[in-house]
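Presented below is the structure to which this report refers.
Just so you know, these numbers come straight off a predicted model, no measurement behind them. The figures that follow rest on heavy atoms only: side chains count, while hydrogens, waters and symmetry mates do not. Position 1 is the first residue of the sequence; numbering continues from there.
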Amino acid sequence: MLSRRQTLMALAAGFASQAYAQRSTTDYPTKPIKIIVPFPAGGGGDILARLTLSKLAQELGQSVVFENIGGAGGNVGVSNGSRAAADGYTLVYGTNGTHAINQTLYKNPGFDPIKDFEPITRLSRIAALLVVRPGLQVKSMKELLVELKKNPGKYSFASAGNGTTSHLAGETLKAQAGLAVVHIPYRGGAAAITDVIADRIDFMIDVMPNTAPHVRNGRLKGLAVSTLQRVSSFPDIPTIAESGVPGFDVSAWDALFAPAGTPPAVLEKVGQAMQKILADDALKQQLNSRGSESSPTSPAALRSFIQVEIERWGQAIKRSGTTVD
């Protein structure tokens with residue numbers, strides 16, 4: 001049985017520990033913040049992550065260090081992030097690939113996107129653009145649909161690989177438009193686009209940061225965008241939905257997360273900083289030039305959005321019959 005003195009000392013220690021924890025949260029951040037990017041350095045995801053999240057350094061008054069941990073479609077890096085200390089000094093960059101597609105594509109992705117993370121905010125939504133090879137004699141999405149339906153099995157579409165956004169966008173188009181076209185997967189988007197440019201593959205639906213430069217320089221023909229609304233950087237290009245496939249709506253997205261259990265005060269501080277960053281007109285213009293749009297959310301809205309996305313992308317994966325061990 002504890003003496004009165006021991007009881008008082010234990011209570012004092014508990015109060016001191018609580019006060020320290022509260023002070024640490026209030027003073028956050030007091031040291032550099034690490035952001036795990038689950039993709040190789042220099043790739044499209046890494047570029048978008050750094051473009052947006054590097055600005056946290058100025059808003060929070062601490063340096064931001066990016067750590068690229070690629071592998072298994074982003075699963076390796078995200079899984080590492082899920083096991084990090086929940087103190088706000090390790091944040092995780094995620095995408096529709098890591099936090100939605102991979103949950104069905106992989107038998108064991110190594111993490112639960114809902115249970116293992118605290119959502120902070122969505123960063124942007126990234127439209128995809130349907131592009132066709134230079135020699136394909138169609139001038140519009142409507143003409144392409146007519147040609148594909150008239151010749152089932154004759155034409156092919158490229159993707160960056162099985163289970164990627166470009167693959168599942170093509171599978172969604174096949175399902176919604178009732179098409180019979182051949183899927184040709186590549187090891188990465190660059191190789192796939194190269195073969196479309198070279199007239200070896202008929203078309204591809206890929207995110208605009210990958211396709212837009214080739215449309216601007218005339219190497220590819222851009223027929224339609226994948227979102228319900230037209231994209232501001234290409235206002236004259238119609239949507240797939242308005243070109244004969246009603247309701248077609250596919251986009252990639254990225255978001256910021258913290259390990260589950262991160263203190264609410266820390267999450268709020270980072271979230272407020274990100275809301276300010278994503279409202280900046282200069283950043284919006286930079287994102288628009290890459291075919292993406294600033295798209296911040298509340299943590300609750302992001303959590304609900306991810307749950308819907310897991311189901312939506314999961315259906316596309318099941319239709320394609322693709323799985324990865």
Side-chain angles (χ1 to χ4, degrees), residues 42-48 51 95-97 124-148 155-161 164-174 176-177 179 181 183-186 188-245 248-254 283-295:
D46 179 58
I47 291 170
L48 277 176
L51 174 66
T95 67
N96 61 298
S124 65
R125 296 193 75 169
I126 307 137
L129 181 61
L130 189 149
V131 293
V132 298
R133 61 183 176 85
L136 191 60
Q137 298 302 306
V138 295
K139 297 179 180 179
S140 69
M141 184 68 198
K142 290 182 179 180
E143 287 185 14
L144 176 64
L145 289 172
V146 169
E147 184 66 19
L148 296 178
Y155 293 99
S156 58
F157 77 95
S159 81
T164 59
T165 299
S166 53
H167 172 209
L168 299 177
E171 294 292 343
T172 301
L173 179 66
K174 284 172 59 178
Q176 290 189 215
L179 305 176
V181 293
H183 171 227
I184 308 295
Y186 286 75
I193 288 175
T194 296
D195 271 7
V196 179
I197 292 171
D199 269 327
R200 298 188 187 98
I201 306 294
D202 297 303
F203 72 96
M204 183 176 185
I205 308 174
D206 200 10
V207 290
M208 294 192 71
N210 296 342
T211 53
H214 302 294
V215 173
R216 288 194 178 98
N217 65 25
R219 300 177 76 190
L220 288 173
K221 294 187 287 186
L223 298 188
V225 295
S226 65
T227 46
L228 283 176
Q229 287 80 37
R230 295 192 182 195
V231 174
S232 59
S233 54
F234 285 94
D236 295 331
I237 295 182
T239 67
I240 293 175
E242 69 183 274
S243 302
V245 191
F248 189 92
D249 184 21
V250 171
S251 62
W253 50 266
D254 54 4
L283 176 63
K284 286 182 178 180
Q285 290 177 2
Q286 288 178 296
L287 290 172
N288 287 345
S289 70
R290 290 166 169 79
S292 60
E293 295 184 351
S294 174
S295 185

Look up atom CD1 in I240 and atom CG in L129, then write down how far apart they are to the nearest 0.5 Å. 8.5 Å
Minimum heavy-atom separation for S166 to A160, with atom names? OG-N, 2.9 Å
Summary of side chain to side chain donor-acceptor pair (under 3.5 Å) pairs that have at least one residue in residues 283-293, sequence neighbours excluded: none
Identify the heavy atoms of I184 and S156 that sit nearest to each other, and give their distance. CG1-CB, 4.0 Å
If you look at every heavy atom in A241 and L228, which pair is closest and at what distance? CB-CD2, 4.1 Å
Hey, are the side chains of V131 and I197 touching, using non-hydrogen atoms and a 4.5 Å cut-off? no
Are the side chains of I126 and P209 in touch, meaning some heavy atoms are under 4.5 Å apart? yes
Nearest 0.5 Å, what's the OG1-CE distance between T239 and M141? 9.5 Å
For the pair F157 and H183, evaluate side chain to side chain contact (heavy atoms under 4.5 Å, CB included) and give the outcome as yes or no after the intermediate values. CA-CA 5 Å; F157 77 95; H183 171 227; 3.5 Å; yes
Between F248 and L173, is there a side-chain heavy-atom distance shorter than 4.5 Å? yes
Consider only side-chain N and O atoms of S124 and D254, and report whether a donor and an acceptor are under 3.5 Å apart. yes
Looking at every heavy atom in both A128 and I205, which two are closest together, and how far apart are they? CB-CG2, 3.8 Å
Return the CD to CD distance between E143 and Q137, rounded to the nearest 0.5 Å. 10.0 Å
Heavy-atom side-chain contact between P185 and H167 under 4.5 Å: no
Checking L148, V138, L223, V196 against F203 for side-chain contact (heavy atoms from CB on, under 4.5 Å), the one that qualifies is L148
Could you check if a side-chain atom of L283 sits within less than 4.5 angstrom of a side-chain atom of L51, using non-hydrogen atoms only? yes
About how many Å separate CE of M208 and OG of S251, when rounded to the nearest 0.5 Å? 12.5 Å
Is there side-chain contact between N96 and T165, with heavy atoms separated by less than 4.5 Å? yes
Tell me, do T211 and I193 make a side-chain contact under 4.5 Å, heavy atoms counted? yes
Side-chain touch Y155/V132, heavy atoms, less than 4.5 angstrom: no
For residues L144 and L130, report the shortest heavy-atom separation together with the two atoms involved. CD2-CD2, 3.6 Å
Examine distances only and state if a side-chain atom of T227 and a backbone atom of A127 form a donor-acceptor pair shorter than 3.5 Å. no
How far apart are the closest heavy atoms of A177 and V245, and which atoms are they? CB-CG2, 4.1 Å
Point-to-point distance, once rounded to the nearest 0.5 Å, from CD of Q176 to CG of D249: 9.0 Å
What distance do I201 atom CD1 and Y186 atom OH have between them, rounded to the nearest 0.5 Å? 3.5 Å
Give every residue pair that meets the salt bridge (Lys or Arg N to Asp or Glu O under 4.0 Å) criterion with at least one member in residues 215-241, sequence neighbours excluded. R230-E242
